Every structure is written in C-alpha cells, then in structure tokens.
Amino acid sequence: YWVWRLYHLFVADAVAIQRPTKYNLVREFLGNSLGIAADIGCGPGVFVRYMSPRSKHLIGLDVDSDSLERCKSRHRRLRNVDFSVTIVNRLPFADERVDTVLFLEVLEHLVEDGAALHEICRVLRPGGKLVLSVPVPPGEVNVDSEWGHKREGYELSEISQLLVANGFEIVNHAFAEFTFSRVAYQTVRWWRQSLRLPAPIFLSWIAYGDHLLDSNKTEKGSHTPATV
C-alpha cells in the first residue's frame, strides 16, 4: 500500500488529476453508513480504505485479475473486505443483497451498458444507493480494445434516461473535472507519448485550477466538465 502511495506522490495519472474536484463529491455521495457495499470496477482500490470503516462488509470487484490481486495485497489488513474477479453483467450476489454500490468510470467501457445497470439494480436492496460516475463528451473511444472506451461518454440527459430505464431514481448529480483538468489530462498524455516516461506529479496540479472557476457555473455543467 505504501509503495503505491509513494508512487502517487511523484507520478501524475488519472488518480492525481481526479483528486481536486471529483473525490470529495464521491465521498459526499457515499456518506458514512454503507451497509453491505460493493466497489464494482475497483481497479487500484482508490476508495477501499474510505469505504471499509463505513461498511459492514465491502466487496471489491474487477474484471482484471492481476489488478485485483495487487489491490487485494495493498488492503490485506482490512478484515471486512473481500475481492472477486467478475464481470458487471453477472454479479456474484443474490437479489437485493447490497446496500451501496460504487461504480466509477466503468460504464463507458461496456458494450451492454443498460444490461450492466439492470444487473446492479437487481442486487441493490430497496432504498439502496448507486454512486456512479461517467465521462462527458468529448472523450476518447477505443472500440477495438477489449477494455477500451466503447463510447465517448454520456451527456447528463443520456445517463439519466439510461438509469431511469433500468430501475433507478436519480436523487442527486454533480459535475467534476473541468477545463483545467482536461488540460492536465492532455499534458500528461503528451508527456507520456512524447518522452515515453512517467509524467511528474506537478503536471497534475494543473487540475487545481478548476477551483478558480465560477462555482455557480460549474454546478450547472459549464466549463466543459469531464465527468458527471
């Protein structure tokens, strides 16, 4: 775990760029009482340590067995956390078993996005909570890659319709990662492609410029948000 933390003190990646505007929103939407919780597409486990003490039991799920094994190793001291390799369309839970689902930046990777949301709805208990984030166009598309983006993302109206069509009621939403975050992504990508070296952490600090933007406008989706 500490090696991973040290890595993120020096190297800029998506985790570093999302931190200024997105992570506080995720924690706010999750709240402090998660019950039985699932982090679907947990990847490196960015929110595992936040969710664990607020959950009766937490299950981290991902399709990538290697990534999940590294995540499991980092969090091996957490006694109420288990991990499982799975795909979103076939979750290893009985009906109405889970209280809280975290589902960040996964839906755009799936061909059958509606089926995935329908499956999540199946395992959530009545009154359960889904905390979801997706990219907002414009964005990258890598349809030929197994785990690449199958679509640029979703406008707010598109993801709202998809959620409602698959059994969800939208309680709240927020935008994150605005103009400066997009510049940070582009700069980090340029550095990696041009120099073929890990990008230094200070490049991700560009994203903190989003705090200089008019909050009244960013709340309404101005300043080209990258996620919703």
Side-chain angles (χ1 to χ4, degrees), residues 12-26 29 39-44 46-47 61-64 67 87-89 101-121 130-168 170-194 199 203-204 206-211 213-214 217-228:
D13 61 2
V15 172
I17 296 171
Q18 291 171 7
R19 190 176 292 118
T21 61
K22 181 178 175 181
Y23 284 5
N24 283 340
L25 289 171
V26 172
F29 283 4
D39 185 355
I40 301 176
C42 62
V46 173
F47 287 97
L61 305 162
D62 205 283
V63 69
D64 185 342
S67 175
I87 61 172
V88 185
N89 291 11
V101 169
L102 183 66
F103 194 45
L104 304 182
E105 311 298 316
V106 177
L107 201 62
E108 66 276 8
H109 296 268
L110 306 177
V111 174
E112 299 179 350
D113 52 357
L117 290 176
H118 185 78
E119 176 70 351
I120 293 173
C121 188
L130 168 64
V131 178
L132 162 78
S133 75
V134 292
V136 176
E140 63 180 31
V141 177
N142 317 103
V143 292
D144 295 330
S145 172
E146 182 180 4
W147 295 338
H149 286 204
K150 302 305 183 288
R151 56 192 63 79
E152 287 187 284
Y154 304 81
E155 298 292 349
L156 177 59
S157 59
E158 294 172 328
I159 190 61
S160 297
Q161 291 171 11
L162 191 61
L163 285 164
V164 171
N166 286 282
F168 290 94
I170 300 170
V171 176
N172 201 355
H173 78 272
F175 295 97
E177 298 179 272
F178 303 95
T179 303
F180 287 94
S181 292
R182 286 188 179 271
V183 172
Y185 277 116
Q186 293 167 1
T187 305
V188 168
R189 186 180 298 114
W190 172 85
W191 182 285
R192 289 176 172 172
Q193 292 176 349
S194 300
L203 294 181
S204 71
I206 298 170
Y208 283 94
D210 285 341
H211 291 297
L213 302 173
D214 187 334
K217 291 182 178 179
T218 57
E219 287 175 4
K220 297 175 181 178
S222 297
H223 297 297
T224 59
T227 55
V228 62

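No experiment lies behind these values; they were computed from the predicted model shown.
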Next item on the list: Please step through side-chain contact (heavy atoms from CB on, under 4.5 Å) for the pair Leu110 and Ile87, ending with a clear verdict.
Entry: CA-CA 10 Å; Leu110 306 177; Ile87 61 172; over 6 Å; no
Margin query: Pair Phe180, Leu213 - check side-chain contact (heavy atoms from CB on, under 4.5 Å), show working.
Written below: CA-CA 9 Å; Phe180 287 94; Leu213 302 173; 3.9 Å; yes
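Separation of atoms OH (Tyr185) and CG (Asp13) is listed at 9.0 Å; rounding is to 0.5 Å. Between the OH atom of Tyr23 and the CD atom of Gln18 there is a distance of 4.5 Å, given to the nearest 0.5 Å. In this structure, the separation between CG on Leu132 and CZ on Phe168 is 8.5 Å, given to the nearest 0.5 Å. The distance from the CZ atom of Phe178 to the OG1 atom of Thr218 is 4.5 Å, given to the nearest 0.5 Å. The distance from the CZ atom of Phe175 to the OG atom of Ser222 is 8.5 Å, given to the nearest 0.5 Å. In this structure, CZ on Phe103 lies 12.0 Å from SG on Cys42, to the nearest 0.5 angstrom.
Taking all atoms of both residues into account, the shortest heavy-atom contact from Arg182 to Thr224 is NE-O, 2.9 Å. Residues Tyr208 and Arg19 come closest through the heavy atom pair OH-CD, 4.4 Å. Residues Thr21 and Leu25 approach most closely at O-CD1, 3.5 Å, considering heavy atoms. Closest approach of Val228 to Leu156, counting heavy atoms only: CG2-CD1, 3.9 Å. Asn89 and Ala115 make their closest contact through ND2-CB, 3.9 Å (heavy atoms, listed as atom of the first residue, atom of the second, distance). Taking both residues in full, the closest heavy atoms of Asn166 and His118 are given as OD1-CB, 3.5 Å, listed atom of the first, atom of the second, then distance.
Checking side-chain atoms of Ser204 against main-chain N and O of Ile17 turns up no donor-acceptor pair under 3.5 Å. Checking side-chain atoms of His223 against main-chain N and O of Asp210 turns up no donor-acceptor pair under 3.5 Å. Between the Lys22 side chain and the Pro20 main chain, no donor and acceptor come within less than 3.5 Å of each other. No donor-acceptor distance shorter than 3.5 angstrom exists from the side chain of Asn142 to the backbone of Ser145, with no hydrogens or angles considered.
Atom CD of Glu112 has 12 or fewer heavy atoms from other residues, nucleotides or ligands within 6.0 Å.
Under 3.5 Å, the side chains of Ser133 and Glu105 contain a donor-acceptor pair of N or O atoms.
A 4.5 Å side-chain heavy-atom check between Val26 and Val46 finds every atom pair outside the cut-off. You'll find the side chain of Glu155 reaches within 4.5 Å of the side chain of Pro137, heavy atoms only.
In this structure, the ring-ring contact (aromatic ring centres under 6.0 Å, His included) partners of His149, at least two apart in sequence or on a different chain, are His109.
For the pair Asp113 and Arg151, the salt-bridge criterion is met [side-chain N within less than 4.0 Å of a carboxylate O].
A side chain to side chain contact (heavy atoms under 4.5 Å, CB included) with Ile40 is found for exactly one of Leu102, Ile120, Leu104, namely Ile120.
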